[in-house]
Amino acid sequence: MIPDFNCRSCGGSDVHLVLSLGETPLANSLLKADQLQSPEPTFPLDLAFCATCSLVQITFTVPPEELFSEYLYLSSFSDTMLEHARELAAELTRDRGLTRDSLVVEIASNDGYLLQNYVRDGIPVLGVEPARNIATVAEERGVPTMVEFFGREVAQRLAAEGRRADVIHAHNVLAHVADLNSVVAGFSALLEEDGLAVVEVPYVRDMIERTEFDTIYHEHLCYFSVTALDHLFRRHGLHLVDVRRVPIHGGSLQVRAAKREPAQPSVARLLEEERALGMAEIDYYAGFGDRVRALRRQLKDTLRDLKAGGARIAAYGASAKGSTLLNYMGIGGDLIEFVADRSLVKQGLYTPGTHLPILPPEALTEKMPSHALLLVWNFAEEVLRQQSAYREKGGRFIIPVPDVQVV
């Protein structure tokens with residue numbers, strides 16, 4: 001058991017270490033040129049398992065104000081995310097019979113990439129987004145946005161104003177939350193009696209089985225199974241009514257929770273699958289660290305062999321997962337020349353810890369490194385399609401997870 005640490009969900013103390021990734025910088029703390037000579041703060045990055053409620057989590061909490069008050073990830077720079085948002089909004093509008101008298105609320109609504117779909121159909125929306133710079137982008141798109149951290153108090157205030165939600169969206173946010181119980185209690189307080197919460201989180205099963213260790217970083221405090229989510233939601237008067245596995249972010253769960261709605265067979269089926277796999281037991285997670293260390297050796301050997309053979313190597317995607325991968329594996333400027341990224345707010349900055357310059361995607365065809373390490377392997381199909389010109393000129397991508405492939 002880990003001394004002086006209690007589970008973020010159930011508060012239990014029966015928590016066991018699964019993997020230590022050492023001390024790393026904050027994954028999204030990109031640097032300006034004049035910051036490169038200054039010391040960077042680093043924090044322990046240790047993954048643990050709660051034997052009481054099955055939640056997988058990291059043990060150190062960076063204050064959320066330090067992580068999210070200014071943020072550099074914009075969902076709209078991913079075509080995959082935009083299409084996923086369009087399809088989901090259309091489905092819920094149709095199936096829930098949403099109208100001009102409804103209200104859709106999104107927690108951590110980012111730049112309005114999802115809620116803008118409801119706005120176009122005349123359905124009232126409200127975003128709750130802690131990063132002021134990103135909330136401004138959403139407002140410019142016509143998405144009303146509160147600059148706040150969502151929790152029980154915010155939800156109760158909105159409900160007291162008569163702003164109860166027919167649908168609450170929370171996509172890739174629950175994993176970032178230190179006070180899980182406040183947020184889920186907030187869902188319960190804000191939802192109409194017949195309302196629906198739609199929550200997406202990376203699936204810990206995919207992370208473990210596919211060795212997706214780079215999805216571990218300080219913003220991602222929790223890594224969920226259906227079992228852990230079931231415990232969490234029931235604690236606050238909600239229950240899972242549907243569960244779907246979706247391919248977003250290397251494998252995610254989309255769970256739907258409600259107060260009264262009957263559960264679909266998918267819930268019992270996935271709970272039984274997890275029980276049969278042993279996901280409520282520490283043994284399921286025991287070999288993860290060995291597989292991660294083996295992958296580190298394999299990728300570094302591949303990069304060194306390519307470099308020794310005269311290859312020039314760049315990387316694609318200045319992502320948080322890329323930061324974890326580069327820093328844990330010790331891959332820096334000796335192997336990688338630069339990182340290309342579509343996000344305008346990242347271009348001109350440098351990666352945390354490894355200090356690689358971030359350039360526009362056109363740098364791949366202009367500088368023509370022979371290989372590009374794909375740090376956003378979860379969007380591999382999209383990137384390979386977008387970078388067809390680079391590939392046609394002979395450029396090759398290195399996909400690092402779950403196994404090293406050169407394509």
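As a basis for the values below, the full set of heavy atoms in this structure was taken, side chains included, without hydrogen atoms, waters or symmetry mates. Just so we're clear, the structure is a prediction, and the values are computed from it rather than from any experiment.
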Neighbour count >12 (heavy atoms, 6.0 Å) for atom [atom1], [X]:
| X | atom1 | value |
| --- | --- | --- |
| E23 | CD | yes |
| Q37 | CD | no |
| E193 | CD | yes |
| R260 | CZ | no |

Before accepting this row, confirm whether a basic side-chain N of the pair [X]/[Y] lies closer than 4.0 Å to the acidic partner's carboxylate O.
| X | Y | result |
| --- | --- | --- |
| D305 | K307 | no |
| E148 | R132 | no |
| D179 | R152 | no |
| E219 | K321 | no |

Practice problem: Taking the side chain as every heavy atom from C-beta outward, state whether V204 and E212 have any pair of such atoms under 4.5 Å apart. | Solution: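 Counting from C-beta outward, V204 and E212 never come under 4.5 Å.
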Can you measure from [atom1] ([X]) to [atom2] ([Y]) and round to the nearest 0.5 angstrom?
| X | Y | atom1 | atom2 | value |
| --- | --- | --- | --- | --- |
| F60 | F43 | CZ | CZ | 5.5 Å |
| L325 | D214 | CG | CG | 5.5 Å |
| H371 | L335 | NE2 | CG | 13.0 Å |
| F288 | R293 | CZ | CZ | 10.0 Å |
| Q254 | R256 | CD | CZ | 4.5 Å |
| L364 | F338 | CG | CZ | 5.0 Å |

Self-check item: Candidate pair V241 and V267, rule side chain to side chain contact (heavy atoms under 4.5 Å, CB included), full reasoning
Solution: CA-CA 7 Å; V241 298; V267 179; 5.7 Å; no
Quiz item: When you check the side-chain N and O atoms of D242 and S266, is any donor under 3.5 Å from an acceptor?
Solution: yes
Practice problem: Please report the closest heavy-atom contact between M329 and R296, naming both atoms and the distance. | Solution: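 Shortest heavy-atom separation between M329 and R296 comes out as CE-CA, 3.4 Å.
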Exercise. Write down the atom of A320, the atom of N28, and the distance for their closest heavy-atom approach.
Key: CB-ND2, 3.8 Å
Quiz item: Quick one: is the NZ or CZ of R391 closer than 6.0 Å to the six-membered ring centre of F397, and within 45° of its axis?
Solution: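 No; the conditions do not both hold, so R391 does not lie above the ring face of F397.
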[X] side chain vs [Y] backbone, donor-acceptor pair below 3.5 Å:
| X | Y | answer |
| --- | --- | --- |
| R312 | K367 | yes |
| D14 | M1 | no |
| R205 | F224 | no |

Practice problem: Run the numbers on E200 and R244 for side chain to side chain contact (heavy atoms under 4.5 Å, CB included), then give the verdict. | Solution: CA-CA 9 Å; E200 287 185 2; R244 306 176 187 187; over 6 Å; no
Self-check item: Test log, rule side chain to side chain contact (heavy atoms under 4.5 Å, CB included), inputs V104 and L126
Solution: CA-CA 6 Å; V104 178; L126 176 66; over 6 Å; no
